[in-house]
Chemist: 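Right, I'll just put the structure down here and ask away after.
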There are 2 protein chains.
Amino acid sequence: MGEERVELLKGTLDMLILKITALGPIHGYGIAQRIQQISRDFFQLQQGSLYPALHRLEDRGWLKAEWKVTETGREGKFYSLTRIGRKQLQSEVENWERLTGAVALILQTAE
Amino acid sequence: MGEERVELLKGTLDMLILKITALGPIHGYGIAQRIQQISRDFFQLQQGSLYPALHRLEDRGWLKAEWKVTETGREGKFYSLTRIGRKQLQSEVENWERLTGAVALILQTAE
DNA sequence: ATAGTATACCTCGTATATCTACCTATACTC
DNA sequence: GAGTATAGGTAGATATACGAGGTATACTAT
């Protein structure tokens, strides 16, 4: 089978999580599902990456968490983007674009 | 001044070095200069990142090294891409493109 | 002469982040 | 009653880029 182990580039996960939470409050497990869906199964976010990242983002004040009941009737910790989290997202996206632009310059140099 | 500290995404450095050596044999210090030039000063590769990376790539058989004299009349360790190094570069570029494509899908999702 | 800068190589310790593997618990289906 | 999906979590290993430090040579300016 097309067993492809895809590793995230270290440094992109925070941006992706912030972006997903920018779409509205969502719990951790849901974030992993959304990222997988939208990336057409390219990213398969591991729980050992997800939860530490969420705690990190909350500690930095970029996300805030609230326990609520999900649609399936279970407890879930819903994360939403704070105001400084939104700023952080914006700056990370800008940095990402300049960075991929610079990489593209190098990859495009003719042999 | 526009003092911007730019960190590489962890995982991209090997690809960039391999790409530069694909342009022809070049010594370590020259690789750092080329990367900085081509990226229009966006990347400023640190020597503490550069030399360990070169040794790593040589250990894996992707680069081979040879001492020669530079144009400025000094000793330099010239690196060139091996056959499996070229394959590795190709696969890393493919992965990079699929990865940035997947990130783009997520960043593009409307709020 | 000598002081400073650019070139050229290197190592060590630290910080950070992701992964693998493991654990708990509940709801639903077979 | 067993298995799967959902929901949360932690601990340890690994990788890698960075900062700070070191050596040495060639060239330039004073």
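Side-chain atoms are counted along with the backbone in the values below, which use heavy atoms only and exclude waters and symmetry mates. Here is how names work: the chains are called A, B, and so on, in the same order as the sequence lines, proteins then strands, and each is numbered from 1.
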Chemist: How would you label the contact of Glu71(B) with the nucleic acid (heavy atoms, under 4.0 Å): base, sugar-phosphate, or nothing?
Modeler: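 If one applies the 4.0 Å heavy-atom cut-off, Glu71(B) turns out to touch nothing in the nucleic acid.
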Chemist: Whole angstrom is fine here: how far is it from CD in Glu7(A) over to P in dT18(C)?
Modeler: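 The distance from CD of Glu7(A) to P of dT18(C) comes to 10 Å, rounded to the nearest Å.
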Chemist: Nearest whole Å is fine: how far is dC10(C) C1' from Ile31(B) CD1?
Modeler: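 Going from Ile31(B) (CD1) to dC10(C) (C1'), I get 15 Å.
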Chemist: Between P on dT7(C) and CD1 on Ile26(B), what's the gap in Å once rounded to a whole number?
Modeler: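 Distance check: Ile26(B) CD1 to dT7(C) P gives 13 Å.
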Chemist: Could you give the distance from CG (Leu99(A)) to CD (Glu92(A)), rounded to the nearest 0.5 Å?
Modeler: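 Rounded to the nearest 0.5 Å, the CG-CD separation comes to 11.5 Å.
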Chemist: Just how far, in rounded Å, is P of dA17(C) from CD1 of Ile17(A)?
Modeler: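 Value for this atom pair: 11 Å.
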Chemist: Which nucleotide sits closest to the side chain of Gln47(B): dA7(D), dG21(D), dT18(C)?
Modeler: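 Nearest to the side chain of Gln47(B) among the choices is dG21(D).
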Chemist: Angle class for the Tyr29(B)/His27(B) ring planes (parallel below 30°, perpendicular above 60°, tilted otherwise)?
Modeler: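 Geometry flag for His27(B) against Tyr29(B): parallel rings.
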Chemist: Using whole Å, what does the distance between atom C1' of nucleotide dG8(D) and atom CD of Glu66(A) come to?
Modeler: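 In whole Å, dG8(D) C1' lies 17 Å from Glu66(A) CD.
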Chemist: So, the side chain of Thr70(B) versus the backbone of Gly76(B): is there a donor-acceptor pair under 3.5 Å, distance only?
Modeler: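 Pair absent, no side-chain N/O of Thr70(B) close to backbone of Gly76(B).
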Chemist: When we call it a touch if two heavy atoms are under 4.0 Å apart, what does Glu75(B) touch: a base, just sugar-phosphate, or nothing?
Modeler: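 Sugar-phosphate, backbone atoms only, no base.
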Chemist: Contact class for Gly28(A) (heavy atom, under 4.0 Å): base, sugar-phosphate, or nothing?
Modeler: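 Sugar-phosphate only.
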Chemist: For Asp14(A) and Gly73(A), take the nucleotide of DNA chain C holding the closest heavy atom to each; which residue's nucleotide lies nearer the 5' end?
Modeler: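 Its nucleotide being nearer the 5' end, the pick is Asp14(A).
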Chemist: What nucleic acid atoms does Gly30(B) come within less than 4.0 Å of, heavy atoms only: base, sugar-phosphate, or nothing?
Modeler: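 Since no nucleic acid heavy atom lies under 4.0 Å of Gly30(B), the category is nothing.
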Chemist: Starting from C1' on dA8(C), measure out to CZ on Phe78(B) and report it in whole angstrom.
Modeler: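 Going from Phe78(B) (CZ) to dA8(C) (C1'), I get 10 Å.
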Chemist: With no hydrogens and no angle check, is any side-chain donor or acceptor of Gln46(A) less than 3.5 Å from a backbone partner on Gln44(A)?
Modeler: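 Such a contact is found between Gln46(A) side chain and Gln44(A) backbone.
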Chemist: Classify Gly76(A) by what it touches in the nucleic acid, base, sugar-phosphate, or nothing, heavy-atom distance under 4.0 Å.
Modeler: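 Answer is sugar-phosphate: Gly76(A) comes under 4.0 Å of backbone atoms only.
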Chemist: Where the side chain of Leu8(B) is concerned, which of dC10(C), dA7(D), dC18(D) is the nearest nucleotide?
Modeler: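 Nearest to the side-chain atoms of Leu8(B), counting from C-beta on, is dC18(D).
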Chemist: For a quick test of reading the model: is some side-chain N or O of Ser49(B) closer than 4.0 Å to OP1 or OP2 of dT16(D)?
Modeler: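 No, no such contact exists.
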Chemist: Rounded at 0.5 Å granularity, tell me how far OG1 in Thr21(A) sits from CG in Leu63(A).
Modeler: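 Between atom OG1 of Thr21(A) and atom CG of Leu63(A) there are 5.0 Å.
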Chemist: Of the nucleotides dA24(D), dC10(C), dC19(C), which one has an atom closest to the side chain of Arg74(B)?
Modeler: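 Closest nucleotide to the Arg74(B) side chain: dA24(D).
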Chemist: For Leu9(A) and dA15(D), what is the distance between atoms CG and P respectively, to the nearest whole Å?
Modeler: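 That distance rounds to 17 Å.
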Chemist: Where each residue is assigned the nucleotide of DNA chain D containing its nearest heavy atom, which of Lys10(A) and Gln33(A) is assigned the position nearer the 5′ end?
Modeler: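 By nearest-heavy-atom nucleotide position, the 5'-most residue is Gln33(A).
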Chemist: Could you go through the side-chain hydrogen bond (donor to acceptor under 3.5 Å, both in side chains) check for Gln33(A) and Gln37(A) one step at a time?
Modeler: CA-CA 6 Å; Gln33(A) 288 181 315; Gln37(A) 270 175 14; over 6 Å; no
Chemist: In Å and rounded to the nearest 0.5 Å, what is the CZ to OG distance from Arg34(B) to Ser39(B)?
Modeler: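 Nearest 0.5 Å value for the CZ-OG distance: 11.5 Å.
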Chemist: Check DNA chain D against residues 50-64 of chain B and give the residues with a non-hydrogen atom under 4.0 Å, in numerical order.
Modeler: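 Per residue number, the list reads Arg56(B), Arg60(B).
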Chemist: Rounded to the nearest 0.5 Å, how far apart are CG of Leu8(B) and CZ of Phe42(B)?
Modeler: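 Spacing of CG (Leu8(B)) from CZ (Phe42(B)) equals 9.0 Å.
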Chemist: Output the rounded distance in Å from CD (Gln46(A)) to P (dA11(D)).
Modeler: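 In whole Å, dA11(D) P and Gln46(A) CD are 19 Å from each other.
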Chemist: Of the nucleotides dA7(D), dG8(D), dA8(C), which one has an atom closest to the side chain of Lys77(A)?
Modeler: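 Output: dG8(D).
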Chemist: Ignoring the backbone of His27(A), work out which of dA7(D), dT18(C), dT7(C) is nearest its side chain.
Modeler: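 Nearest nucleotide to the side chain: dA7(D).
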Chemist: Can you see if the side chain of Thr72(A) gets near the phosphate of dA7(D) - specifically, an N or O under 4.0 Å from OP1 or OP2?
Modeler: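 Indeed, a polar side-chain atom of Thr72(A) lies that close.
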Chemist: Given dA8(C), dA15(D), dA7(D), which nucleotide is nearest the side-chain atoms of Tyr29(B)?
Modeler: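 From the listed options, dA8(C) comes nearest.
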